[in-house]
K.L.:
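Here it is: the structure, laid out below.
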Amino acid sequence: MEETVTVQNPLPVAFGDPFILKASDGKFYLYGTGGVADGFKAYSSEDLKEWKDEGVIYQGATDDSWTVDCFWAPEVYERNGKYYLWFSANWKHNPTHEEENFRIGVAVSDSPVGPFKEMDDKPLFDPGYPVIDANLYFDDDNGKVYLYYSRCCYKHPVESEIADWARAKGWYEDIEESWIYGVEITPDFRQIIGEPVLLLRPPVKMDDVQAEWESRSVTSHEVNRRWTEGSYLIKEGDTYYMLYSANFFGGANYAVGYATSKNPLGPFVKAANNPVLEKNVEKGGKVTGTGHNMVLDIDGELYCVYHARTTDTGHDRVVFMDRMEITKEGILKVDGPTVEPFQVTLK
């Protein structure tokens, strides 16, 4: 039965890094960062308008867990009757006492609302640097599974013309960067295959067309870091589209761009029409901090799901959902950010 529902932005959920699963039971399940200490909670909905609080679905920082704190960016995938929760957290194995010791792990459940139990007593892998923002892509063409993640800015100073510029102004001695990597993983989600491949990083040159929007956190004198994080991969035709977020996740300049490739492990080329989602306060709007998105496909209609802040919600991150399209010319566009009601057709 077809039903048209009116949805209001923002959704009534205070989450960062939102992820919506359309499960085989016909319901939508919303996961995100926040709402519970040392773990994750979920909301369920039948219509994307009314959301039920399902409570805590995963509890970390226990004696038998590899985790400590900072539970971020959950994504849940339904595979062969099981539900797999991917997330990042600080690893308790920290012999050098790093301030940021994030790794990626997996927990499994028979239900989309848990309880989720960790598959192993350790992270999926240890690349030797902190990593966050796990995203999976299941390639129907070759049957392979790919993991995408972000190397954190922590202790990762990178030389660039932006760094030279900030140093010359006397603002920062170094500019740290986060980079997005991809790697094939085994279908049982227990180990990586081969070495991770660098896919996206901030621009090196000032005259790069991406440099202005990806460097706003530095050029506004906000912080000495440039982020490339929150990746999400989709495919349209024979082209892979990787969406990603740049700038300080806690600031107004957080924004979304995308890059394309003919291969799931690149090389990726950033799009000329970036950013495709950014704050609108300079244009008379009320939304800032738009980022860390995923793509929800509802019967062929695409929606960009992301977090942002408004002049009404203050510092709290809330969930938004706006229409997205890929034109016949291959250009990805997001119709947002919006705070007006919009209609979604459910079948």
Side-chain angles (χ1 to χ4, degrees), residues 16-17 70 72-73 88 90 96-104 127-135 148-182 196-232 242-259 266-272 274-279 282 288-293 307-309 315 317:
D17 316 322
C70 296
W72 295 341
S88 54
N90 266 320
T96 54
H97 306 290
E98 302 296 337
E99 293 180 11
E100 297 184 19
N101 198 42
F102 311 122
R103 296 297 187 274
I104 289 167
Y129 48 80
V131 294
I132 58 174
D133 294 352
N135 170 242
Y148 303 94
Y149 66 87
S150 178
R151 172 180 183 163
C152 294
C153 295
Y154 178 71
K155 291 187 177 181
H156 190 222
V158 178
E159 289 302 318
S160 68
E161 290 185 358
I162 297 290
D164 292 339
W165 175 87
R167 194 177 295 121
K169 292 183 73 68
W171 286 1
Y172 309 114
E173 185 61 30
D174 294 303
I175 301 299
E176 297 177 316
E177 296 183 358
S178 63
W179 294 356
I180 291 173
Y181 287 80
V197 179
L198 173 61
L199 301 179
L200 293 176
R201 56 176 291 186
V204 174
K205 301 289 187 180
M206 293 280 277
D207 62 359
D208 188 308
V209 295
Q210 312 292 334
E212 187 279 324
W213 81 272
E214 290 194 29
S215 305
R216 291 173 184 169
S217 289
V218 173
T219 56
S220 65
H221 204 185
E222 184 176 37
V223 69
N224 70 322
R225 286 182 167 181
R226 292 199 296 171
W227 282 265
T228 311
E229 64 176 18
S231 61
Y232 193 87
M242 177 172 284
L243 294 110
Y244 66 97
S245 296
N247 296 302
F248 177 40
F249 56 87
N253 292 310
Y254 207 40
V256 175
Y258 73 98
F268 280 87
V269 177
K270 294 178 181 179
N274 285 342
V276 294
L277 183 65
E278 62 181 325
K279 63 183 179 179
E282 284 84 358
T288 66
T290 57
H292 198 114
N293 78 292
H307 73 241
R309 299 174 176 85
H315 188 69
R317 296 182 295 184

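These values consider heavy atoms only, across backbone and side chains, with no hydrogens, waters or symmetry-generated copies. All residue numbers refer to positions in the sequence shown, counting from 1.
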K.L.:
May I have the list of side-chain donor-acceptor pairs in residues 198-207 shorter than 3.5 Å, sequence neighbours left out?
P.N.:
none

K.L.:
Can you list the residues that meet the ring-ring contact (aromatic ring centres under 6.0 Å, His included) rule with His221, with sequence neighbours excluded?
P.N.:
Trp171, Tyr172
K.L.:
With sequence neighbours left out, write down each residue that passes salt bridge (charged side-chain N to carboxylate O under 4.0 Å, His left out) with Glu99, or none if nothing qualifies.
P.N.:
none
K.L.:
For Ala246, what residues pass the side chain to side chain contact (heavy atoms under 4.5 Å, CB included) criterion, not counting sequence neighbours?
P.N.:
Trp213, Glu214
K.L.:
For Tyr149, check ring-ring contact (aromatic ring centres under 6.0 Å, His included) against everything at least two apart and list the hits.
P.N.:
Phe125, Tyr181
K.L.:
Restricting to side-chain hydrogen bond (donor to acceptor under 3.5 Å, both in side chains), what partner residues turn up for Glu98, sequence neighbours left out?
P.N.:
Thr96, Tyr154, Lys155
K.L.:
How would you list, by chain and number, every residue that makes a salt bridge (charged side-chain N to carboxylate O under 4.0 Å, His left out) with Glu222, sequence neighbours excluded?
P.N.:
none
K.L.:
Is the closest side-chain heavy-atom distance between Ile175 and Val218 below 4.5 Å?
P.N.:
yes
K.L.:
What pairs with Arg151 under salt bridge (charged side-chain N to carboxylate O under 4.0 Å, His left out), at least two apart in sequence or on another chain?
P.N.:
none
K.L.:
How would you list, by chain and number, every residue that makes a side-chain hydrogen bond (donor to acceptor under 3.5 Å, both in side chains) with Ser231, sequence neighbours excluded?
P.N.:
none
K.L.:
What residues form a side-chain hydrogen bond (donor to acceptor under 3.5 Å, both in side chains) with Asn253, not counting sequence neighbours?
P.N.:
Lys279
K.L.:
Donor-acceptor pair, distance only, cut-off 3.5 Å: does the side chain of Asp133 make one with the backbone of Gly230?
P.N.:
yes
K.L.:
So, applying side-chain hydrogen bond (donor to acceptor under 3.5 Å, both in side chains) with Glu229, which one of Tyr244, Trp179, Tyr254 is it?
P.N.:
Tyr254
K.L.:
Would you call Pro275 and Val256 a side-chain contact if the rule is heavy atoms closer than 4.5 Å?
P.N.:
no
K.L.:
Report yes or no: does Ser178 contribute a side-chain atom to a donor-acceptor pair with the main-chain N or O of Cys153 at less than 3.5 Å?
P.N.:
no
K.L.:
When you measure from the side chain of Asn101 to the backbone N and O of Asn90, does any donor-acceptor pair fall under 3.5 Å?
P.N.:
no
K.L.:
What residues, two or more places apart in sequence or in another chain, satisfy side-chain hydrogen bond (donor to acceptor under 3.5 Å, both in side chains) together with Tyr258?
P.N.:
Asn273
K.L.:
Nearest 0.5 Å, please: how far is OG in Ser217 from CZ in Arg226?
P.N.:
10.5 Å
K.L.:
Does the Ser160 side chain pair with the main chain of Ala163, one donor and one acceptor, at a distance under 3.5 Å?
P.N.:
yes
K.L.:
Can you list the residues that meet the salt bridge (charged side-chain N to carboxylate O under 4.0 Å, His left out) rule with Arg225, with sequence neighbours excluded?
P.N.:
Glu100, Glu176
K.L.:
Decide side chain to side chain donor-acceptor pair (under 3.5 Å) for Arg309 and Thr288; before the verdict, give the C-alpha distance in whole Å, the side-chain angles of both, and the deciding distance to 0.1 Å.
P.N.:
CA-CA 5 Å; Arg309 299 174 176 85; Thr288 66; 5.8 Å; no
K.L.:
Is the closest side-chain heavy-atom distance between Phe102 and Cys70 below 4.5 Å?
P.N.:
yes
